[in-house]
2 protein chains.
Amino acid sequence: MLKLAILGFLYDRPLHGYELRRHLVALTGHIRPISDGTLYPAIKRLEADGLLTRETEPGTVAAPRHTLHLTPAGRAALFDWLRAPEDLDISDENRWFTVLAFLRHLDAPADQAAVLRRRLAFLSEPASFFYEGTRPLRAEDITDPFRSGVLLVARATSQAEITWLHDTLALLETT
Amino acid sequence: MLKLAILGFLYDRPLHGYELRRHLVALTGHIRPISDGTLYPAIKRLEADGLLTRETEPGTVAAPRHTLHLTPAGRAALFDWLRAPEDLDISDENRWFTVLAFLRHLDAPADQAAVLRRRLAFLSEPASFFYEGTRPLRAEDITDPFRSGVLLVARATSQAEITWLHDTLALLETT
DNA sequence: CCGATATACCTCGGGGTCGAGGTATTGTCG
DNA sequence: CGACAATACCTCGACCCCGAGGTATATCGG
């Protein structure tokens, strides 16, 4: 997740940790803040896996900076992930948004469309949120205003996204 | 998160682990599946903290069941959490939905309204998802269809939820 | 009566995340 | 000139989650 967001940002241009952090904060930070204790070990792991290299430059503003460059293996890992996201990347909105943020890096519109279709399939599945004993509750049966809020918002979200998915899939097919 | 969902479900009625699991799967399982290796240790932790007790009953259908009962301390912990959710519970949609699923357990409408207002404040904050170098990008500046999809869906979601929040807050004030 | 399935629970290792804390440099304001 | 903020990076322990695997009982079809 974090791992792939890092690769995605570095694909555009080499960054040093602090800049990378700003990008990550913009992408998901308002939802779920990202701490140094998460970011720097993640960078180390990626370096250890050979997906990126660090080049130390004398600090232009402050302490010496480690500019991070994606390796060919790093680019390959990014493409692999984008072509075949895990189920969690499809179902969890936060992760899904991260996939979308970098999906343009895939060059084949057919590959992009395939990913969008997986999300569409997921959103089209009926989901029941609540149970009364063993019986799943329908939206109409729920009297609690907060729980019906959950259903209302969830449905509005899927509707908006399904519409967008159809539009974008149509657009990809004309390409 | 999981912890509080467990307390929330047990508040309604005592359940054994397997039933609890079904409830949890219905609530968030289609987004993010919950594994045994997560659930049972969580139950153990709650028991160790004195928030629930386990009563072993001879299995009615299969293996002996451990029926889980909320203790007074468990009920108190649930109320504390609902009255003052963490920032992450407010900002992360998955967690927020869990808060909403159990918010009816608070008996004071003023307390419920205060929680809804925190979510409203969060959704009203302007958020920029993407940067070009150091400059935050506006929705109009984004040409990538996938990234503009992120913005479009995010905006549709907040709009729907803001409307619902206003309606529900009005409803709570008449009570 | 055998195997499959559903019920029901548990452990363990690997791995990721977090917050708290630490180090060091440069620029800015009073 | 001294304090402070911003830049820039790093470590550590605590904690939580996950998947893989294991145990055991009841029921039902063939």
Side-chain angles (χ1 to χ4, degrees), chain A residues 1-7 14-25 28-29 31-49 51-68 81 86-89 91-92 94-95 98 131 133-134, chain B residues 1-7 14-25 28-29 31-49 51-68 86-89 91-92 94-95 98 133-134:
Chain A
M1 178 72 299
L2 174 60
K3 172 180 163 179
L4 285 317
I6 294 175
L7 298 181
L15 297 168
H16 53 90
Y18 209 74
E19 274 178 326
L20 185 56
R21 200 166 187 287
R22 268 211 304 274
H23 282 77
L24 292 167
V25 165
T28 56
I31 304 289
R32 173 176 282 280
I34 170 85
S35 74
D36 277 7
T38 305
L39 177 59
Y40 286 101
I43 291 173
K44 288 257 169 118
R45 282 196 300 275
L46 290 172
E47 195 193 9
D49 293 348
L51 305 185
L52 56 83
T53 54
R54 291 198 286 177
E55 277 157 40
T56 308
E57 294 168 17
T60 50
V61 206
R65 310 195 294 189
H66 300 257
T67 306
L68 310 170
W81 169 63
E86 291 170 32
D87 286 345
L88 243 178
D89 295 323
S91 64
D92 185 309
N94 298 313
R95 283 168 169 262
T98 305
Y131 274 78
T134 56
Chain B
M1 178 70 301
L2 174 59
K3 172 180 165 180
L4 285 317
I6 294 174
L7 297 180
L15 297 167
H16 53 89
Y18 209 73
E19 275 177 325
L20 186 56
R21 200 165 186 288
R22 268 210 304 275
H23 282 78
L24 291 167
V25 166
T28 55
I31 304 289
R32 174 177 280 281
I34 170 86
S35 74
D36 277 7
T38 304
L39 177 59
Y40 286 101
I43 291 173
K44 288 257 169 116
R45 280 196 301 274
L46 291 171
E47 196 193 9
D49 292 348
L51 304 185
L52 57 82
T53 55
R54 291 198 286 177
E55 277 157 39
T56 308
E57 293 169 19
T60 50
V61 208
R65 309 197 293 190
H66 299 257
T67 306
L68 309 171
E86 290 169 33
D87 286 344
L88 241 178
D89 295 323
S91 64
D92 185 309
N94 297 321
R95 282 169 169 260
T98 306
T134 56

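Note on naming: letters A, B, ... go to the chains in the order of the sequence lines (proteins, then strands), and numbering restarts at 1 for each one.
For A:T28, the side chain to side chain contact (heavy atoms under 4.5 Å, CB included) criterion is met by A:T98, not counting sequence neighbours. A:S35 is linked by a side chain to side chain contact (heavy atoms under 4.5 Å, CB included) to A:T38, counting only residues two or more places apart in sequence or in another chain. Not counting sequence neighbours, A:E86 has no partner by the salt bridge (Lys or Arg N to Asp or Glu O under 4.0 Å) test. Here A:L20 pairs with A:I6, A:F9, A:L15, A:L24, A:L39, A:I43, A:L68 under the side chain to side chain contact (heavy atoms under 4.5 Å, CB included) rule; sequence neighbours left out. Take B:R45 and apply the salt bridge (Lys or Arg N to Asp or Glu O under 4.0 Å) test, not counting sequence neighbours, and it matches no residue. With sequence neighbours excluded, the residues that form a side chain to side chain contact (heavy atoms under 4.5 Å, CB included) with A:K44 are A:R54.
When rounded to the nearest whole Å, the span between CG of B:L46 and P of D:dC15 equals 14 Å. B:E86 places its CD atom 9 Å from the P atom of C:dG19, with the value rounded to the nearest Å. Here the C1' atom of nucleotide C:dT17 and the CD1 atom of A:I31 are 18 Å apart, to the nearest Å. Look at CZ on B:R22: it is 7 Å from P on C:dA8, rounded to the nearest Å. The distance between atom CZ of A:R21 and atom C1' of C:dT17, rounded to the nearest whole Å, is 13 Å. When the C1' atom of C:dG16 is taken as reference, atom CG of A:L4 falls 14 Å away, rounded to whole Å. In this structure, B:H16 places its NE2 atom 16 Å from C1' of C:dC10, rounding to the nearest Å. Distance A:E19 CD to D:dA8 C1': 11 Å, rounded to the nearest Å.
For A:R54 and D:dC10, the shortest distance from a side-chain N or O to OP1 or OP2 is below 4.0 Å. Neither OP1 nor OP2 of D:dA8 sits under 4.0 Å from any side-chain N or O of A:H66. Residue A:K44 has a polar side-chain atom (N or O) positioned under 4.0 Å from OP1 or OP2 of D:dT11. Neither OP1 nor OP2 of C:dC10 sits under 4.0 Å from any side-chain N or O of B:Y40.
One axis for each end of the helix from C:dC1-D:dG30 to C:dG30-D:dC1, each built from five base pairs, and the angle between them comes to 30° at 10° resolution.
Counting only residues at least two apart or on different chains, the salt bridge (Lys or Arg N to Asp or Glu O under 4.0 Å) pairs with a member in residues 33-42 of chain B are B:R21-B:D36.
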Which atoms of nucleotides 17-19 of chain D (N or O only) lie under 3.5 Å from a protein N or O atom, and what are those distances?
residue	atom	partner	partner atom	Å
D:dC17	OP2	B:R45	NH2	3.0
D:dC18	OP2	B:T38	OG1	2.3
D:dC18	N4	B:G37	O	3.3

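Distance alone, capped at 3.5 Å, is enough to place a donor-acceptor pair between the B:D92 side chain and the B:N94 backbone.
Note that CG of B:D87 is 11.0 Å distant from CZ of B:R95, once rounded to the nearest 0.5 Å.
Of the candidate nucleotides C:dT7, C:dC10, D:dC10, C:dT7 has the atom lying nearest to any side-chain atom of B:Y18.
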